[in-house]
Visitor: 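Have a look at this one before I ask anything.
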Amino acid sequence: MLISKWYFFLGFLFITGNRVFAVTEDSEYWTQDAQTRLLQRIATPLIETKAKNILFYLGDGMSLPTISAARILKGQKVDKYEFGEEAELHMESFPFTGTSKTFCFDAQVADSACSVTSYLGGTKANYGTIGLTTAVQRKSCPGQADTKNHVASLLSLAQAAGKSTGVITTTRITDASPAGTYGHVAERDWENDAAIRRDNQDPELCDDLPEQLILREPGRNINVILGAGRKNFLHQNQTDPEYPNVRGERTDGKDLIQEWKASKNPTNSKYVNTKDELLAVDTLTTDFLLGLFEPDDRGYVDQLEGKNDPSLEDMVQVGIQILKKNPNGFFLFVEGGLIDNAHHGNMAQRALFETIEFDQAIKLGDELTNDDDTLIVVTADHAHVMSFSGHASRGHSILEVTDQFVETLDDLPYLTLSYANGPGPWVDPETGKRRNVTSDDFHAIDYKVAAAVPRRSETHGGDDVLIYAKGPFAHLLSGTHQQSYIPHVVWYAACIGPGAKHCDNHPGFDGAHGVHMNKSLSLMSILFIIFFSRVI
Ligand SMILES: *[C@@H]1O[C@H](CO)[C@@H](O)[C@H](O)[C@H]1NC(C)=O
Ligand SMILES: *[C@@H]1O[C@H](CO)[C@@H](O)[C@H](O)[C@H]1NC(C)=O
Ligand SMILES: *[C@@H]1O[C@H](CO)[C@@H](O)[C@H](O)[C@H]1NC(C)=O
Ligand SMILES: [Zn+2]
């Protein structure tokens, strides 16, 4: 009887891919679930071969409550599980998890700029600055212009080691997180020359971010650049190719999209404006790809229909096909950038769907690469102040008011998800008391969840964020770390930059083979152990 149950259990794991719908989750189920996971973990070897490829996934503002709530929303609205809590995000399947302390040199709570310097450059930095040491104060153009203050990013070191490189995001390609792959700016808002002038600094002395991406190292050598934000690449006399009413924002007369095209060999490079053009790219003959899909940020994933803009998965699919042609491997940075935007507007459901889109792009990247030679790191730059509260019953909608232990001192119900601050209305202007949200449309995609402290924009949170990792030396990321520790592990695993000199000391490292266990053997042994542990 026990054995037949195991067949059933393994059956749905392998045949329907983790769908636990309609399985009775009684105590026996949980015991078996834990035993299976334990045995899988025991049989999972450490991988200590050199990381040829690096996939670095950044969920902008993907706090821990965001991950938990996204998992449940996915279970309830996408996978349609019996309850929802039993769903799993792909990132959760990674064998190693750590936490990252995100404070910056001069700030308790990080912004995406100082944070990207930390997780891609290996040193904490000043709030609002990107790719610069702590010596540079925010908005100091002279500090930016002095190259001895520049911090090399993981992308730049990967390029120096002969790898192909790419950067993909759902936001402007010049927004702080993607800018951290190629940029060195004293002010994250210096996304065009006019912005530098507005801060009374000299755009002749300091390049803005699009100039750094198109004209300087390492930006101009990046093979795959996919995101949005065309307005910062076009000058004021130019109209946007898709929106005739939108103009460029540059005041220096430069058309940097044209300059990118002119700097490349037309036979192996391609510029694209739309999803259709992106999906038509011949990845075999294309070695350089620039895609800018919107004048500003791309729309939220729920707004894509009918818009000819790619999903994160579309971009990752094309990007990896181009990058993987390099026998030396590649570095690819992929950002789910709109999780942050949605949280800033207290649009909890949108933030969760952006997280689910991000997770699907992680799954695709994992499927297109091998654990033996590809280190995948998934993390966030900082948290947000969405809280997941109350004592709702199992399977209760994550988007609705809490259904259990509702006793509040003002006798009004409350939502499971709420924010410490932001634009979501908390007080009823007529009564001056907390709003009765009972008949709100919680399921509207742009519904603004109540926030305790009114602010035009919700703030980031200072709590630690998670690191999920798999592949070569991923285990070095388990534990609690400073955010600036993360790239040091990648350097070491990939033998690049400061990590190159340690390469000979990799424990058990012997080139292509390494010490990892034979995979088919380990899967066989798991099945064997599971089977016989039940018979006995
Ligand atoms: C933009 O238009 C103005 C007014 O017509 C003109 O003086 C200027 O030269 C134009 N700039 C560029 C870069 O075309
Ligand atoms: C809150 O609103 C609901 C539905 O509109 C109503 O049934 C309930 O009585 C209200 N609660 C309070 C305390 O006013
Ligand atoms: C792994 O083990 C299986 C079964 O023992 C064997 O057939 C296969 O050749 C091995 N593969 C490698 C790469 O050693
Ligand atoms: Zn933010």
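Every number for a ligand or one of its atoms is a count from 1 in the order of the listing. Along the sequence shown, the residues carry numbers beginning at 1.
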Visitor: Pick, from Asp410, Val437, Thr438, Asp440, the option with the minimum heavy-atom distance to atom 4 (C) of ligand 2.
Guide: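 Among Asp410, Val437, Thr438, Asp440, the closest heavy atom to atom 4 (C) of ligand 2 belongs to Thr438.
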Visitor: Is atom 9 (O) of ligand 2 touching the protein, meaning some protein heavy atom lies under 4.0 Å away?
Guide: no
Visitor: Is it true that the side chains of His184 and Asp207 contain a donor and an acceptor less than 3.5 Å apart?
Guide: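 No pair is found: no donor N or O on one side chain lies under 3.5 Å from an acceptor on the other.
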Visitor: Suppose I only count heavy atoms of Gly253 and a 4.0 Å limit; which atoms of ligand 1 are within that range?
Guide: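 It comes down to these atoms of ligand 1: 13 (C).
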Visitor: Give the numbers and elements of all ligand 2 atoms closer than 4.0 Å to a heavy atom of Leu412.
Guide: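 Taking each heavy atom of Leu412 in turn, ligand 2 has 12 (C), 13 (C) under 4.0 Å.
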Visitor: To 10 degrees, how wide is the angle OD2 (Asp340) to the Zn ion (ligand 4) to NE2 (His460)?
Guide: 150°
Visitor: Rounded to the nearest 0.5 Å, what separation is found between the OG1 atom of Thr416 and the CE atom of Met386?
Guide: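 One finds 10.5 Å between OG1 of Thr416 and CE of Met386.
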Visitor: With side chain to side chain contact (heavy atoms under 4.5 Å, CB included) as the test, pick out the partner of Tyr468 among Leu477, Thr97, Ile362.
Guide: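 Between Tyr468 and the candidates, side chain to side chain contact (heavy atoms under 4.5 Å, CB included) is satisfied uniquely by Thr97.
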Visitor: Checking His235 side chain against Asn232 main chain: does a donor-acceptor pair fall under 3.5 Å?
Guide: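 Pair absent, no side-chain N/O of His235 close to backbone of Asn232.
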Visitor: When you measure from the side chain of His344 to the backbone of Glu458, do you find a donor-acceptor pair of N or O atoms at a distance under 3.5 Å?
Guide: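 Yes.
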Visitor: Does NZ or CZ of Lys270 come closer than 6.0 Å to the centre of the six-membered ring of Phe288, within 45° of the ring's axis?
Guide: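 Verdict for Phe288: no cation-pi partner in Lys270.
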Visitor: Is there a donor-acceptor contact under 3.5 Å linking the side chains of Thr99 and Thr480?
Guide: yes
Visitor: Going by the atom numbers of ligand 2, which of them fall below 4.0 Å from some non-hydrogen atom of Ser439?
Guide: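 Once the distances to Ser439 are compared, the set is 5 (O).
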Visitor: Purely on distance, is any nitrogen or oxygen of Asp411 under 3.5 Å from one on ligand 2?
Guide: no
Visitor: From atom 2 (O) of ligand 1, is the closest protein heavy-atom distance below 4.0 Å?
Guide: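 Under 4.0 Å from atom 2 (O) of ligand 1, at least one protein heavy atom found.
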Visitor: Under 3.5 Å, side chain of Asp403 to main-chain N/O of Ser393, donor-acceptor pair present?
Guide: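 Judged by distance alone, yes, a pair lies under 3.5 Å.
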Visitor: At what distance is the nearest protein heavy atom to atom 6 (C) of ligand 2, and which residue and atom is it?
Guide: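 In this structure, atom 6 (C) of ligand 2 has Asn436 ND2, 4.2 Å as its nearest protein heavy atom.
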Visitor: Considering only N, O or S atoms, which atom of His344 is nearest to the Zn ion (ligand 4)?
Guide: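 Looking only at N, O and S atoms of His344, the one nearest the Zn ion (ligand 4) is named NE2.
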Visitor: Under 3.5 Å, side chain of Arg435 to main-chain N/O of Pro425, donor-acceptor pair present?
Guide: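 Yes, Arg435 side chain to Pro425 backbone: donor-acceptor pair under 3.5 Å.
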Visitor: Among all protein heavy atoms, pick the one closest to atom 5 (O) of ligand 1 and tell me residue, atom and distance.
Guide: Asn237 ND2, 4.6 Å
Visitor: Backbone, side chain, both or neither: what part of His235 comes under 4.0 angstrom of ligand 1, heavy atoms only?
Guide: side chain
Visitor: Hey, is atom 14 (O) of ligand 1 under 4.0 Å from any protein heavy atom?
Guide: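 Yes, there is one.
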